[in-house]
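Everything below concerns the one structure shown next.
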Amino acid sequence: MTIEQSYSSVQQRITDAARRVGRPPDSVRLVAVSKKQPVEKLTALHELGHRLFGENRVQEMRQKAPLLPGNLLWHLIGPLQKNKIRPVLPLAAMIESVDSVELAWQINRVASELGLFPEILLEINLAGEASKHGFDPDRLFTEVGDLLACERLQICGLMAIPPMVAEAEEARPYFARLRALRDRLQTEVAIGLPELSMGMSADFEVAIEEGATLVRVGSALFGPRN
Ligand SMILES: *Cc1c(COP(=O)(O)O)cnc(C)c1O
């Protein structure tokens, strides 16, 4: 399949999934996960009109960004080390992977120094997996006060990478749980959290049915990674 074909196929699947549950297709944004993909493939997708890309490493984002048109939007979707905050803030339109209060404080401080108000998502470790980053869903309610005190951060919603499952349907309860958590948080702290980043190549349609507003799709668009 060419990129053109896979792009239109993924877009059609997004549209169909949204319509199945009565959502407007444009309520779902596609984050093209370009990690470990050559710049030529990103250029090809950009030429088809796509603008939103996701990288999981700051280093890789920094290498690719100067080789691509300036009107691209980058989302950071992987762990952020303290020493990478300063370079990533001016580059990324959103940091989807804020996984602790300490990281939020550090981003807040650097953002203040740089005069920025970064958009972020809170990454949630839904199943308490030791191998995954993210807030414990229960502790979130005690930590949210500290997060809201970060006056520079625009907290837009939640992100999660659910446990690996064999079938997309098995991921549905996790997606539903993330949405329920968002709903509860929104009610308790009275802030708007419109974004839910969930769903990858194997399960983005199920995620959309459960309310995803951002789907992070890599291999279904670009093919296997190097
Ligand atoms: C790599 C990655 C994806 C995309 O995975 P695919 O299965 O290739 O779609 C999505 N989210 C995160 C956080 C990733 O690291």
Side-chain angles (χ1 to χ4, degrees), residues 1-3 5-14 17 28-39 41-42 44-45 50-64 72-81 84 88 91-100 103 119-135 156-172 174-175 177-179 182 195-226:
M1 246 205 283
T2 64
I3 287 222
Q5 286 165 331
S6 52
Y7 186 45
S8 74
S9 154
V10 167
Q11 283 179 311
Q12 188 60 53
R13 289 167 63 192
I14 289 173
V28 184
R29 284 190 291 159
L30 170 62
V31 181
V33 176
S34 48
K35 64 183 185 201
K36 297 191 178 130
Q37 300 288 354
V39 169
K41 289 196 181 177
L42 283 75
L45 200 59
H50 195 74
R51 294 294 176 264
L52 180 54
F53 292 78
E55 287 284 343
N56 67 335
R57 293 181 58 234
V58 174
Q59 181 71 6
E60 199 170 332
M61 192 188 289
R62 289 181 80 192
Q63 281 166 357
K64 285 173 176 167
L72 241 93
L73 290 175
W74 297 100
H75 282 196
L76 184 72
I77 60 171
L80 177 55
Q81 270 90 46
K84 296 282 169 41
V88 83
L91 196 55
M94 185 182 279
I95 297 173
E96 296 199 11
S97 42
V98 176
D99 57 9
S100 70
L103 178 62
E119 295 193 351
I120 66 150
L121 301 181
L122 304 175
E123 181 172 353
I124 310 297
N125 191 348
L126 284 174
E129 292 173 280
S131 63
K132 297 246 168 83
H133 298 264
F135 288 89
C156 301
L158 306 182
M159 180 271 223
I161 310 166
M164 285 266 269
V165 289
E167 298 283 336
E169 266 311 315
E170 294 173 51
R172 189 182 295 277
Y174 294 105
F175 297 142
R177 200 177 299 170
L178 191 70
R179 186 188 54 198
R182 187 275 308 270
E195 303 285 1
L196 280 178
S197 175
M198 55 190 196
M200 321 202 317
S201 290
D203 53 19
F204 66 89
E205 290 149 299
V206 176
I208 291 167
E209 289 170 5
E210 295 300 327
T213 61
L214 290 161
V215 288
R216 308 178 309 268
V217 179
S219 42
L221 277 174
F222 294 112
R225 285 181 275 276
N226 293 330

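Read the numbers this way: they start at 1 and go in the same order the structure lists the ligands and their atoms. The shown structure was predicted, so the numbers you read here are calculated from the model rather than taken from an experiment.
Atom CD1 in Ile161 sits 9.0 Å away from atom CG in Asn56 (nearest 0.5 Å).
Every residue two or more places apart in sequence or in another chain that forms a side chain to side chain contact (heavy atoms under 4.5 Å, CB included) with Ser219 is listed here: Ser201.
Between Leu214 and His75 there is a side-chain heavy-atom pair separated by less than 4.5 Å. Side-chain contact between Glu195 and Arg29: present, with at least one pair of heavy atoms (C-beta onward) separated by less than 4.5 Å. Looking at Met159 and Arg216, their side chains come closer than 4.5 Å, going by heavy atoms from C-beta outward.
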Please tabulate, one line per pair, the protein N or O atoms found under 3.5 Å from any N or O atom of ligand 1, giving the distance to one decimal.
from	atom 1	to	atom 2	distance (Å)
ligand 1	8 (O)	Ser219	N	2.8
ligand 1	8 (O)	Ser219	OG	2.9
ligand 1	8 (O)	Arg225	NH1	2.8
ligand 1	8 (O)	Arg225	NH2	3.2
ligand 1	9 (O)	Ser201	N	3.0
ligand 1	9 (O)	Ser201	OG	2.5
ligand 1	9 (O)	Gly218	N	2.8
ligand 1	11 (N)	Arg216	NE	2.9
ligand 1	15 (O)	Lys35	NZ	2.6

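With salt bridges taken as basic N to acidic carboxylate O contacts below 4.0 Å, none links Lys132 and Glu123.
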